[in-house]
Visitor: 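Below you will find the structure I want to go over with you.
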Amino acid sequence: MRRFTLSLAVVLLYCTSVVATDYAVGPGQAYGSISQVPWESLGPGDRVLIHYRPTPYAEKFVIGVSGSPTDPLIVRGVPGPNGERPVIDGRNAVTRQALDFWGEQRGVIKVGGSSVPSNSVPSHIVIEGLEIRSAHPDYTFIDDSGMTSTYSSNAASIYVEKAQNLIIRDCEIHDSGNGLFIGAFNGDTRDILIAGNDIHSNGIVGSIFEHNAYTEAIGLTYEANRFGPLRPGALGNNLKDRSAGLIVRYNWIDSGNRQLDLV
């Protein structure tokens with residue numbers, strides 16, 4: 001009887017294990033562009049590995065799916081020979097046509113808020129090792145219907161509409177209206193870690209309403225980031241936050257109308 005129970009447990013463990021896939025993007029990889037990755041059908045344990053190339057990836061997308069506590073969904077930059085981060089550039093960026101999401105004018109990488117994949121609260125996601133830039137009203141992009149559109153003033157390199165258990169780390173975030181924007185969305189956005197990033201040169205010239213980071217969540221931690229000055233002539237704050245349960249520790253915060261604006 002004990003042998004049968006042990007065998008059954010092994011079978012159940014095998015049946016519930018995650019079958020994950022690596023999606024390698026870049027020169028000589030299985031996927032030549034970011035838009036070829038099936039973002040709408042990714043799942044726990046999957047990794048999108050974006051390899052460095054000298055030419056930036058002019059592409060944009062939404063993450064509307066989830067990982068799991070033990071097997072997060074990972075979007076990772078694979079550095080170049082001298083440690084260069086792969087660049088995702090919002091200027092003239094093209095969106096994967098199989099995706100369908102609103103608020104495209106608000107960001108280069110969006111997390112949460114889509115029709116395809118179906119609308120949910122994405123969770124257990126890691127975004128790391130990338131340079132993400134140029135969600136700015138001076139620039140245009142191709143949306144998921146193939147039409148040319150312009151970024152809004154409050155667009156962000158990373159725009160999080162809603163998410164849980166999200167980690168953004170070791171990224172350079174710049175040349176956007178807001179570098180990073182996170183919305184609370186009725187309390188659905190919670191348990192966020194922003195760690196080891198370089199966030200700088202964001203904002204709109206002459207405007208007080210856009211910032212290097214503008215965020216609101218339940219349980220948000222900023223740790224070991226470098227916040228540089230905003231775009232020359234921008235009048236916004238460096239780190240503006242409206243969260244409950246906010247932790248700001250071990251960061252370098254340089255300049256801004258206010259270095260910290262904790263509303």
Visitor: Any donor and acceptor pair, going by atom type alone, linking the side chain of Arg53 with main-chain N or O of Thr55 inside 3.5 Å?
Guide: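 Looks like yes, one N/O pair under 3.5 Å.
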
Visitor: Quick check, are the ring centers of Tyr151 and Tyr139 under 6.0 angstrom apart?
Guide: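 Centroid distance Tyr151-Tyr139: not below 6.0 Å, so no.
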
Visitor: Indicate whether any N or O donor in one side chain lies under 3.5 Å from an N or O acceptor in the other, for Ser201 and Asp175.
Guide: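 Side chains of Ser201 and Asp175: no pair found under 3.5 Å.
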
Visitor: Establish, for the pair Lys60 and Phe141, whether the NZ or CZ atom is under 6.0 angstrom from the six-membered ring centre and no further than 45 degrees off its axis.
Guide: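 Because its charged atom sits under 6.0 Å from the ring centre and within 45° of the axis, Lys60 does stack over Phe141.
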
Visitor: Please say yes or no: joined through hydrophobic side-chain contacts below 4.5 Å, possibly via intermediate residues, are Val248 and Phe181 part of one cluster?
Guide: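 No, Val248 does not connect to Phe181 through the hydrophobic network.
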
Visitor: Do Glu223 and Arg169 have side-chain heavy atoms sitting under 4.5 Å apart?
Guide: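 They are not in side-chain contact.
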
Visitor: Test your reading of the model: is there a side-chain donor-acceptor pair from Asn212 to the backbone of Gly228, 3.5 Å cut-off?
Guide: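 Confirmed, Asn212 side chain pairs with Gly228 backbone.
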
Visitor: Give a yes or no on this: more than 12 heavy atoms of other residues, nucleotides or ligands lie within 6.0 Å of atom CZ of Phe209.
Guide: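 At most 12 heavy atoms, drawn from other residues, nucleotides or ligands, come within 6.0 Å of this atom.
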
Visitor: Following the transitive rule for hydrophobic clusters with a side-chain heavy-atom cut-off under 4.5 Å over Ile, Leu, Val, Met, Phe, Trp and Tyr, establish whether Tyr159 and Ile125 coincide in one cluster.
Guide: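 No, no single cluster joins them.
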
Visitor: Which pair of heavy atoms, one from Ile168 and one from Asn197, lies closest together, and at what distance?
Guide: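 Taking Ile168 first and Asn197 second, the nearest heavy atoms are O-ND2, 3.0 Å.
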
Visitor: Can you confirm whether Ile127 sits close enough to Ile63 that some side-chain heavy atom of one is under 4.5 Å from a side-chain heavy atom of the other?
Guide: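 A side-chain contact under 4.5 Å exists here.
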
Visitor: Would a single hydrophobic cluster contain both Ile192 and Ile109, if residues Ile, Leu, Val, Met, Phe, Trp and Tyr are joined by side-chain heavy-atom contacts under 4.5 Å?
Guide: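 They do share one cluster, since a chain of ILVMFWY contacts under 4.5 Å joins Ile109 to Ile192.
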
Visitor: Closest heavy-atom contact between Ser243 and Ala217?
Guide: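 Residues Ser243 and Ala217, closest heavy atoms: OG-N, 2.9 Å.
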
Visitor: Tell me whether Ile158 is reachable from Leu230 by hopping between hydrophobic residues (I, L, V, M, F, W, Y) whose side-chain heavy atoms are closer than 4.5 Å.
Guide: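 No, it is not one cluster - the side chains of Leu230 and Ile158 are not joined through contacts under 4.5 Å.
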
Visitor: Given 3.5 Å as the limit, does a donor-acceptor pair link the side chain of Asp100 with the main chain of Val116, or not?
Guide: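 No; zero donor-acceptor contacts below 3.5 Å.
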
Visitor: Measure the shortest side-chain to side-chain distance between His174 and Ser157 over non-hydrogen atoms and say whether it is less than 4.5 angstrom.
Guide: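 Contact flag for His174/Ser157 side chains = no.
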
Visitor: May I ask whether Leu239 and Leu246 are part of the same hydrophobic cluster, defined by side-chain heavy atoms of I, L, V, M, F, W, Y residues being less than 4.5 angstrom apart, directly or through others?
Guide: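 As far as the 4.5 Å side-chain criterion goes, Leu246 and Leu239 are connected within one cluster.
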
Visitor: Any donor and acceptor pair, going by atom type alone, linking the side chain of Asp144 with main-chain N or O of Thr95 inside 3.5 Å?
Guide: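 Not a single qualifying donor-acceptor pair exists.
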
Visitor: Assess whether side chain to side chain contact (heavy atoms under 4.5 Å, CB included) is satisfied between His136 and Ile204, documenting all intermediate values.
Guide: CA-CA 8 Å; His136 187 276; Ile204 301 294; 3.6 Å; yes

Visitor: State whether a side-chain donor-acceptor pair under 3.5 Å links Lys240 with Asn257.
Guide: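 There is no such pair (donor and acceptor under 3.5 Å, judged by atom type) between the side chains of Lys240 and Asn257.
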
Visitor: Over all heavy atoms of both residues, which pair between Val108 and Ala135 is shortest? Give the atoms and the distance, please.
Guide: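 In this case the closest contact between Val108 and Ala135 is CG2-CB, 3.8 Å.
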
Visitor: As a test of understanding, state which of Ile194, Leu260, Ile253, Ile247 forms a side chain to side chain contact (heavy atoms under 4.5 Å, CB included) with Tyr222.
Guide: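 When Ile194, Leu260, Ile253, Ile247 are each tested with Tyr222, the side chain to side chain contact (heavy atoms under 4.5 Å, CB included) holds only for Ile194.
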
Visitor: Tell me, with the steps shown, if Glu104 and Ser149 meet side chain to side chain donor-acceptor pair (under 3.5 Å).
Guide: CA-CA 9 Å; Glu104 289 192 61; Ser149 186; over 6 Å; no

Visitor: Hey, are the side chains of Glu210 and Asn202 touching, using non-hydrogen atoms and a 4.5 Å cut-off?
Guide: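 No, side chains not in contact.
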
Visitor: Between Ser66 (side chain) and Ser123 (backbone), is there a donor-acceptor pair under 3.5 Å?
Guide: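 It does hold such a pair.
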
Visitor: What do the steps show when you test Asp170 against Arg85 for side chain to side chain contact (heavy atoms under 4.5 Å, CB included), and what is the final call?
Guide: CA-CA 9 Å; Asp170 188 31; Arg85 295 182 182 94; 3.0 Å; yes

Visitor: Counting only N and O atoms by type, is there a donor-acceptor contact under 3.5 Å from the side chain of Asp89 to the main-chain atoms of Arg91?
Guide: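 At least one qualifying donor-acceptor pair exists.
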
Visitor: I'd like to check Tyr214 versus Asn154 (side-chain heavy atoms, cut-off strictly below 4.5 Å). Are they in contact?
Guide: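 A side-chain contact under 4.5 Å is absent here.
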
Visitor: Donor-acceptor pair, Arg231 side chain versus Gly203 backbone, under 3.5 Å?
Guide: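 Confirmed, Arg231 side chain pairs with Gly203 backbone.
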
Visitor: Using side-chain heavy atoms (C-beta onward) and a distance below 4.5 Å, is Pro44 in contact with His124?
Guide: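 When only atoms from C-beta onward are counted, His124 and Pro44 do not touch, as no gap falls below 4.5 Å.
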
Visitor: Could you work out, with side-chain contact (heavy atoms from CB on, under 4.5 Å) as the rule, every residue matching Ile34, not counting sequence neighbours?
Guide: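 Ile34: side-chain contact (heavy atoms from CB on, under 4.5 Å) contacts with Val25, Trp39, Ile50, Tyr57, Glu59, Phe61, Ile88.
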
Visitor: Using modelled atom types only, decide if a donor and an acceptor are shared between the side chain of Thr189 and the backbone of Gly183 within a distance under 3.5 Å.
Guide: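 Pair found, side chain donor or acceptor close to backbone of Gly183.
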
Visitor: May I ask you to decide if Asp188's main-chain N or O and Gln164's side chain share a donor-acceptor pair within less than 3.5 Å?
Guide: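 It does hold such a pair.
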
Visitor: Can you tell me how far OG1 of Thr21 sits from CZ of Arg47, rounded to the nearest 0.5 angstrom?
Guide: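 Rounded to the nearest 0.5 Å, the CZ-OG1 separation comes to 11.0 Å.
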
Visitor: Testing the basics here: between Gly146 and Gln97, what is the closest heavy-atom pair and its distance to 0.1 Å?
Guide: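 Shortest heavy-atom separation between Gly146 and Gln97 comes out as N-OE1, 3.6 Å.
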
Visitor: Checking His211 side chain against Asn237 main chain: does a donor-acceptor pair fall under 3.5 Å?
Guide: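 Indeed, once roles are kept as given, a pair shorter than 3.5 Å links the two residues.
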
Visitor: Would you mind listing the cluster partners of Leu193? Hydrophobic ones only (ILVMFWY), side-chain contacts under 4.5 Å, chaining allowed.
Guide: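 Its cluster mates, by chain and number, are Ile74, Val126, Ile167.
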
Visitor: Which atom pair, heavy atoms only, marks the closest approach of Pro56 to Arg133?
Guide: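 Of all heavy-atom pairs spanning Pro56 and Arg133, the closest is CG-NH2, 3.5 Å.
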
Visitor: Listed by chain and number, what are the side-chain contact (heavy atoms from CB on, under 4.5 Å) partners of Thr150, not counting sequence neighbours?
Guide: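 side-chain contact (heavy atoms from CB on, under 4.5 Å) list for Thr150, sorted by chain: Thr140.
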
Visitor: Do you know which two heavy atoms are closest between Ala213 and Phe227, and how far apart they sit?
Guide: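 Heavy atoms only, the tightest pair is CB-CE2, 3.9 Å.
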
Visitor: Please examine the side chains of Val87 and Glu172, heavy atoms only from C-beta on, and report whether any two atoms are closer than 4.5 Å.
Guide: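 No. Closest side-chain heavy atoms not under 4.5 Å.
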
Visitor: Do Tyr52 and Glu131 have side-chain heavy atoms sitting under 4.5 Å apart?
Guide: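 Not in contact.
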
